[in-house]
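Notes to accompany the following structure.
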Amino acid sequence: MSVGQLMKHRTLGLTDEQVIGMYEKMVLARKFDERALLLQRSGKINFHVSGIGQETAQVAAAYALKQGHDFFLPYYRDYGFVLSVGMNVKELMLSIFAKAEDPNSGGRQMPGHFGYRKLNIVTGSSPVTTQVPHAVGIALAAKMKKRDFVAFVSFGDGSSNQGDFHEGCNFAGVHKLPVIFFCENNQYAISVPYHRQIGEAKIADRALGYGFPGVRVDGNDVLEVYRVVKEARERAVNGGGPTLIEAMVYRLSPHSTSDDDLAYRTKEEVELHWKQDGIARFRQYLIECGLWNEEEERKLLENVAKEIKEATEYGEKAPYPNPEDTLLHVYADETKEA
Amino acid sequence: MSVGQLMKHRTLGLTDEQVIGMYEKMVLARKFDERALLLQRSGKINFHVSGIGQETAQVAAAYALKQGHDFFLPYYRDYGFVLSVGMNVKELMLSIFAKAEDPNSGGRQMPGHFGYRKLNIVTGSSPVTTQVPHAVGIALAAKMKKRDFVAFVSFGDGSSNQGDFHEGCNFAGVHKLPVIFFCENNQYAISVPYHRQIGEAKIADRALGYGFPGVRVDGNDVLEVYRVVKEARERAVNGGGPTLIEAMVYRLSPHSTSDDDLAYRTKEEVELHWKQDGIARFRQYLIECGLWNEEEERKLLENVAKEIKEATEYGEKAPYPNPEDTLLHVYADETKEA
Amino acid sequence: MAVISYLEAIRSAIREEMERNEDVFVLGEDVGFKGGVFGATKGLLQQFGEERVMDTPLAESAIAGVAIGAAMYGMRPIAEMQYADFMLPATNQIISEAAKIRYRSNNDWSCPVVIRAPFGGGIFGGLYHSQCPESIFFGTPGLKIVAPSTPYDVKGLLKAAIRDPDPVIFFEHKKCYQLVKGEVPDSDYIVPIGKAEVKRQGTDITVITYGLTVHFALEAAAELENEGISSHIVDLRSLQPLDKEAILEGAAKTGKVLIVHEDNKSGGVGAEVSAIISEEMLFELDAPIMRLCGPDVPAMPISPPMEKFFMLNKDKVKEAMRKLALF
Amino acid sequence: MAVISYLEAIRSAIREEMERNEDVFVLGEDVGFKGGVFGATKGLLQQFGEERVMDTPLAESAIAGVAIGAAMYGMRPIAEMQYADFMLPATNQIISEAAKIRYRSNNDWSCPVVIRAPFGGGIFGGLYHSQCPESIFFGTPGLKIVAPSTPYDVKGLLKAAIRDPDPVIFFEHKKCYQLVKGEVPDSDYIVPIGKAEVKRQGTDITVITYGLTVHFALEAAAELENEGISSHIVDLRSLQPLDKEAILEGAAKTGKVLIVHEDNKSGGVGAEVSAIISEEMLFELDAPIMRLCGPDVPAMPISPPMEKFFMLNKDKVKEAMRKLALF
Ligand SMILES: Cc1ncc(C[n+]2csc(CCOP(=O)(O)OP(=O)(O)O)c2C)c(N)n1
Ligand SMILES: Cc1ncc(C[n+]2csc(CCOP(=O)(O)OP(=O)(O)O)c2C)c(N)n1
Ligand SMILES: [Mg+2]
Ligand SMILES: [Mg+2]
């Protein structure tokens, strides 16, 4: 690695502690995800949708934002993201076990459907891309209330073909709203590869049609993702309007635990991308910077394993919601229909 | 005018007869439109939506297409277009008077809601932009059936912000379908000017995000519009896929007879654009080419006036549909629900 | 008490709520500089500025979706759909999002948005400027749906909707905008969502209806009085939640029920009203539960004789009322 | 007669119709190389090629809109919505376009499209993989809506839908896909759209239902037989048009009617069924018209105890049937 690239994080304004923290979040997200897949296979949970392969982009983006200040509209693979803006593994486990204490939905929604007012994580749904106009609406509120936060919204490559992407981007462009559109292009929408989803075009190029910048970035390059998101945030809070970022990643897991991905892609293709795994690449960077070593790696894995084990036990033991609570919260409590 | 531009139409493959025919259609469309506005003011019809200012672009586009072969999905201002692909003034009058004999809808739909199977004019509705995916579907049929027709669909600048524009364009781009997206950018969506509708972006630039060419053209320049549409058609039938064309025009009339446009734009602005009226410009071209003169102009206006007078009388006298026919054609006749 | 039009009731409700709470704002197509295609927001931009009376791009899903986002943040958006017919591109945002935000987040988030939509026909609007789409949204718990008939109810219910912590679809019958005038208090008041009102007391037959047809029923009732038929007229005002008590009371009052609405019959709101009655008090009825509604066709044609055939009017309602009375 | 699953009935109906008519083609998300997320189109791409079994971009409004365009041209598209919950982005194309194309063009154009949508819950799908959205489309004349319960009806109705000259929404209960098996003729046949079927003859009570709950009613009826309660079970099969005659006949058979569906109660299909009965034969009834439906909440939660609370099952249906019998 060239000297110029060594310690690059400092030139971007990231401290050594921060990059180490970023790495720890990526590993935590990866290990949580692996555990969830195990739990599903062992029949302890019904379903899991994995973010493996996208953690670097997610964590890097989160670190470029302002926790507890900006508003976040993540999508269902963003475990690395939500872990970096304040959610903990215990809360994620409560969600995948669909338990009453789950802060995302009280066990009502599928795993990966995040929402936590306390953390400015806006409640999300399954129909893809509906969150894009919501982010624009929150950015509109920032402008109207003259607040300096941004709305950050993520979504997949396939989801960028929904009408709501277009309508949301155009609205934000016309009014120059402080919103960051973050597309995690993992090359597939379930079984449909990019070339049958979008063809020869670049998602990032769509920004031109809305009058704001669009950037394609290697999602496995933590510091590059951090840099472009940070720039986008600065532009947004300074009245420069939205940015569309297309982070190039690869979905290393099947679409979900219900999917057999070898029906539409080869083992070789997947293995090839495992070699480009961003987490290993970032570990290498930290090692070359002298910020990480075998010993620290061992300790980290130990702590992460412990944290996940405790969280799993907690989540598994935690009580389910009461059946009758199904009737609650249709409307605010003062109304009696619920 | 430079010698190079003189007789330019021949270099584009247009005969003298054709350009004269184009001019006659423009004048016919303009005069029909003016009559419809009068009929509305005099209370003989309830409503009219005008295409004044867009006739040159409409007629030029129609002449670049293949009548009785290609499929047409015009929008509500396209009187010049439908008159150029086979509809006659009598049929338009039957539509604005909402009479039973109206081929577009048997008096069921508003004026400007075209549809005529015999002429490959696909039935349209009021919700804007729904026709864009329809055109893509017809283009898909062309590809599946290996037919060499194209689907031509027009819509306004505001309508290009609907989700259906995005979803339709992307679908067509991925499958390289023979469809021409023709945006008549008349600077307004009712009262909303371009800069509050789309901001600083160019509609034509949106094509980049779908992987096909996008062209912005002066809609008042008949021969330029003809040229780009013809090129788009050739590309389409040769497997080159879709083209997005943004024809720059100006809506010289209020949005509709229900609209007071001076509430949101100035008389001066409108008058300025009257000076750029494409019809006058094209007449000038024909005169300079020695293909047109005062006398011919007089004859044309005479014939057009006569044609419109007869059509108006016919439309006014024609019978309304029977009230009970409201119950017909909910389903095909063999089913009894209608 | 001033006498104002149905349209002015909308405008003044919005104005007063915007004065009362700076988080209230209006967004939609042509609502700003033009003041709305029907004039519902005329003058508001001049009073509150471009940001709080916002002309949006032509994109209903964004209008609803952006409003929903702003509402989740804590704003009080009033989104105008230019015509109810054009709400459909926003269906996913309204049904999948607005209706489910509180529920899916286990009460952590909420969505206090108002979606105004001019509905109904009789104005030569043709298939797509005349529809009554309430049945599309009616079956979705989490939404509230309002469809008032008088300026008093319009103003009171719109204020209630704007202050409501949950999403409210506010259907305005465009035929009433200028036609219907009525007394409205000068002081602030609300009409609670979910409460029907007896618009006329009677003893022979009960008519349950909402929107424009309330007026047809009232006119018909006045004429039937002379024939010795006494009609009890219930104006639902709110469609979601339905005022079950008022429906059952109204039905019990006479034991003969006619349900009237402009929307086509099959799958309309009237079906639910009928089902509630036959579920709860079948044996108190002295006649079959009748429905008088628009015909089961996709939408009303623009040609005058066809529109007339489709639309209900005083005479059609009167005839159905007489028939029921004589049953 | 072979015994096949509900899912295989769908697949074989599509395969046979594609063999029969080369204008029939399938489009949707993941329908091609993956064969659909439920496997409904497995093997079809291998047999008919990529063009006739087309993986589309992730855009339901385009899937519906492109299918509508192709149908207007004369093709016979079968559009798959991956889950009925995800039809909503296509609502405008389905209700404003497909439903109105024949009507608005005065019979000049038509739209023979089939829109398949897996609906219903009980599979731990949570709020957005479990919905019954039929009430959203039910009130729109111009559409046909089908919701079969057995492999025989699935195959016959899907073939009828594909050959139908008008748009048909085909709701498949995803819980039935593997669970429900049944005999299906080896030779070509169709089941006419708009015709209900008596799935069990009885004399004490009449249950009118459709979809998954047909099976709960049949199981409950078998058990109630031992208690001396004889149940008459009507499977609507088609929701639009509703089989009015069959509904009235079924109700007349016993004079006691229970309507059952998984969709939430208010504004559901059951309301219309109830309204038809009380409009036509109120005085032939010996009990109030009962409805047993999902609770009026936005959608079913994924947490097992909550899903169980929301979903109907044999015991809940049986209890309601017994209650009605004892009335
Ligand atoms: C509107 C809608 N249609 C279909 C689905 C079903 N679905 C869930 S995820 C998915 C693929 C999404 O692909 P992409 O946007 O690339 O995100 P990824 O899963 O690859 O991260 C689909 C089709 C959905 N959730 N919402
Ligand atoms: C989905 C939808 N929303 C709103 C309307 C009401 N409306 C009719 S025309 C129009 C403006 C269209 O502007 P543009 O697309 O630029 O076409 P133009 O009228 O300028 O030719 C609007 C908002 C509509 N017809 N459809
Ligand atoms: Mg993807
Ligand atoms: Mg325009």
Side-chain angles (χ1 to χ4, degrees), chain A residues 71 73 100 102-109 113 115-118 122-127 129-145 147 151 153 162-164 166-175 177 179 321 325 328-338, chain C residues 22-23 25 27 49-52 54-75 77 79 89-90 92-93 95-113 141-144 164-167 192-194 240-242 244:
Chain A
F71 279 73
L73 296 91
D102 158 34
N104 295 284
S105 76
R108 291 175 172 206
Q109 288 222 81
H113 289 51
Y116 204 164
R117 192 173 195 109
K118 196 182 82 186
V122 180
T123 177
S125 65
S126 306
T129 328
T130 51
Q131 72 274 24
V132 167
H134 300 171
V136 175
I138 290 170
L140 175 64
K143 191 181 179 195
M144 292 176 88
K145 305 298 267 181
R147 299 280 316 282
V153 59
Q162 285 280 329
D164 273 0
H166 178 64
E167 297 193 9
C169 286
N170 179 70
F171 194 111
V174 170
H175 295 283
L177 300 178
V179 53
D325 292 354
L328 297 180
H329 311 314
V330 178
Y331 299 99
D333 294 345
E334 68 256 42
T335 69
K336 296 271 152 296
E337 300 80 43
Chain C
E22 65 166 20
D23 292 339
F25 72 102
L27 72 167
E50 283 188 47
E51 219 174 40
R52 288 183 68 195
M54 186 177 218
D55 281 322
T56 65
L58 174 39
E60 285 75 12
S61 190
I63 293 169
V66 167
I68 288 166
M72 285 197 280
Y73 175 78
M75 304 298 287
N92 191 42
Q93 282 290 346
I95 292 181
S96 300
E97 299 300 317
K100 296 175 173 62
I101 280 166
R102 182 185 299 280
Y103 190 78
R104 76 185 184 214
S105 68
N106 201 32
N107 213 26
D108 193 31
W109 290 89
S110 67
C111 183
V113 65
L143 296 177
K144 296 182 181 183
D164 196 276
D166 289 304
I193 295 173
Q240 173 80 279
L242 269 177
K244 218 172 144 174

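So you know, we letter chains A, B, ... as the sequences are listed, proteins then strands, and number each from 1. The structure displayed is predicted, hence computed values, not measured ones.
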* Asked: Quick one: side-chain hydrogen bond (donor to acceptor under 3.5 Å, both in side chains) partners of A/S126, sequence neighbours excluded?
  -> A/H113
* What residues, two or more places apart in sequence or in another chain, satisfy side chain to side chain contact (heavy atoms under 4.5 Å, CB included) together with A/V174? -> A/N170, C/P57
* chain A contact via C/Q93 - side chain, backbone, both or neither, heavy atoms under 4.5 Å -> side chain
* Asked: Given the options A/M144, A/K118, A/Q109, which has more heavy-atom pairs under 4.5 Å with chain C than any of the others?
  -> A/M144
* Structure fact -> Given C/A71, C/A70, C/G74, the one with more heavy-atom pairs under 4.5 angstrom with chain A than any other is C/A70
* Structure fact -> Greatest number of non-hydrogen atom pairs under 4.5 angstrom with chain C, of A/A142, A/P127, A/A139, falls to A/P127
* C/N92 versus chain A, heavy atoms under 4.5 Å apart: side chain, backbone, both or neither? -> side chain
* **Proximity breakdown for A/I138 and chain C, heavy-atom pairs closer than 4.5 Å** => both
* Measure the NE2-CG distance between A/H329 and C/D166 for me, rounded to the nearest 0.5 Å. => 12.0 Å
* Structure fact -> Of the listed C/E97, C/E60, C/E22, C/M75, the one with the largest count of heavy-atom pairs under 4.5 Å with chain A is C/E97
* Asked: Does any non-hydrogen side-chain atom of C/D108 lie less than 4.5 Å from one of A/P103?
  -> no
* To do: Examine whether an atom of C/L143 lies under 4.5 Å from a heavy atom of chain A, and if so say whether it belongs to the side chain, the backbone or both; otherwise answer neither.
  => backbone
* Within-4.5 Å side-chain heavy-atom neighbours: C/I95 and C/K100 -> yes
* Asked: With side chains defined as the heavy atoms from C-beta onward, is the minimum distance between A/R147 and C/Y73 less than 4.5 Å?
  -> yes
* **Contacting region of A/K143 [heavy-atom separation from chain C under 4.5 Å]** => both
* Asked: Side chain, backbone, both or neither: which part of C/Q240 has an atom under 4.5 Å from a heavy atom of chain A?
  -> side chain
* Heavy-atom pair with the smallest gap, counting every atom of C/P77 and C/L27 -> CB-CD2, 4.1 Å
